[in-house]
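Below: the structure, in structure tokens.
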Amino acid sequence: MKTYTALAALLTVACSSAPVSFYGVAPPGRETAYQCAVAQLNIMGYTIEDGNSDAGFIRGRKQTSGLGTQIFTGNTYHDLLTATAFDNPATGETNLRVVASRVAEQDADLLAGLSDEPEQGEDIIAPSDSGRSDAQALLANCGVSNITGPSGEQEQYELQGPVDHL
């Protein structure tokens, strides 16, 4: 029974659609932090799909799966990073936050053969390791200090699930 409990916890976490957030204090100036985030997304090979410089947010997408995965699963996977820069009036500091997630674009018709039918939809799933790494790299490359996010211990627990002791 304990094995099933651990397995169920692992599957629940593995199928989690929770995005992961990293944030910290950036060098002064919301516009500077925003422009750095845009530049870093471009450098890392992300396609900018949405953003607003006045609101201080930018979202980029990068395909992480190949044709084999698409043919085998009917899905195309993309890492998705959303960066938000804002000035905190309470502290006078500029903050930069990056949310990492992953998107599975479903194309059920791919398995049945090529057609002109539109995609079935998208599912937001937990970010890949490369997406998490890219989020942290974006912050570090923009001079963000005191980066906060899920701790390594918390991530380890989430991946393994609770352990029952005898």
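For the atom pair Asn141 CG and Gln40 CD, the distance stands at 4.0 Å (nearest 0.5 Å). How far CD1 of Ile58 is from SG of Cys36: 12.5 Å, rounded to the nearest 0.5 Å.
The cluster map of Ile, Leu, Val, Met, Phe, Trp and Tyr, joined by side-chain heavy atoms under 4.5 Å apart, puts Val98 and Phe57 in different clusters. Linking Ile, Leu, Val, Met, Phe, Trp and Tyr residues whenever their side-chain heavy atoms come within less than 4.5 Å leaves Val99 and Leu139 in two separate clusters.
Counting only heavy atoms from C-beta outward, the side chains of Gln63 and Tyr77 never approach each other to under 4.5 Å. Within the 4.5 Å cutoff, no side-chain heavy atoms of Thr84 are placed close to those of Leu96. Counting heavy atoms from C-beta on, the side chains of Val103 and Asp123 never come closer than 4.5 Å. For the pair His78 and Thr76, the minimum side-chain heavy-atom distance is below 4.5 Å. Between Val25 and Asn95 the shortest side-chain heavy-atom distance falls below 4.5 Å. Between Thr47 and Asn42, the closest side-chain pair of non-hydrogen atoms is not below 4.5 Å.
The neighbour count for Asn52 CG, taken as heavy atoms of other residues, nucleotides or ligands under 6.0 Å away, is above 12.
Contacts of Thr82 classified as side-chain hydrogen bond (donor to acceptor under 3.5 Å, both in side chains), with partners at least two apart in sequence or in another chain: none. Under the rule for a side-chain hydrogen bond (donor to acceptor under 3.5 Å, both in side chains), the partners of Arg59 that lie at least two apart in sequence or sit in another chain are Glu49, Asp50. Shown here are the side-chain hydrogen bond (donor to acceptor under 3.5 Å, both in side chains) partners of Tyr23, two or more places apart in sequence or in another chain: there are none. Every side-chain hydrogen bond (donor to acceptor under 3.5 Å, both in side chains) that Ser21 has, sequence neighbours left out, goes to Arg97.
The side chain to side chain donor-acceptor pair (under 3.5 Å) pairs that include a residue from residues 25-34 are Glu31-Gln35, where partners are two or more places apart or lie in different chains.
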Run Ser128 and Asp79 through side chain to side chain donor-acceptor pair (under 3.5 Å) and show every step you take. CA-CA 7 Å; Ser128 67; Asp79 281 333; 2.7 Å; yes
Should Leu81 and Asp134 be marked as a side-chain contact (heavy atoms from CB on, under 4.5 Å) after you check the CA-CA gap, both sets of side-chain angles, and the distance that decides it? CA-CA 8 Å; Leu81 296 183; Asp134 285 350; 3.8 Å; yes
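A side-chain donor-acceptor contact under 3.5 Å links Lys62 to the backbone of Met44.
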Donor-acceptor pairs under 3.5 angstrom involving side-chain atoms of residues 85-92: please list them, not counting sequence neighbours.
| unit_1 | atom_1 | unit_2 | atom_2 | d |
| --- | --- | --- | --- | --- |
| Asp87 | OD1 | Thr94 | OG1 | 2.6 |
| Asn88 | OD1 | Ala90 | N | 2.9 |
| Thr91 | OG1 | Glu93 | N | 3.2 |

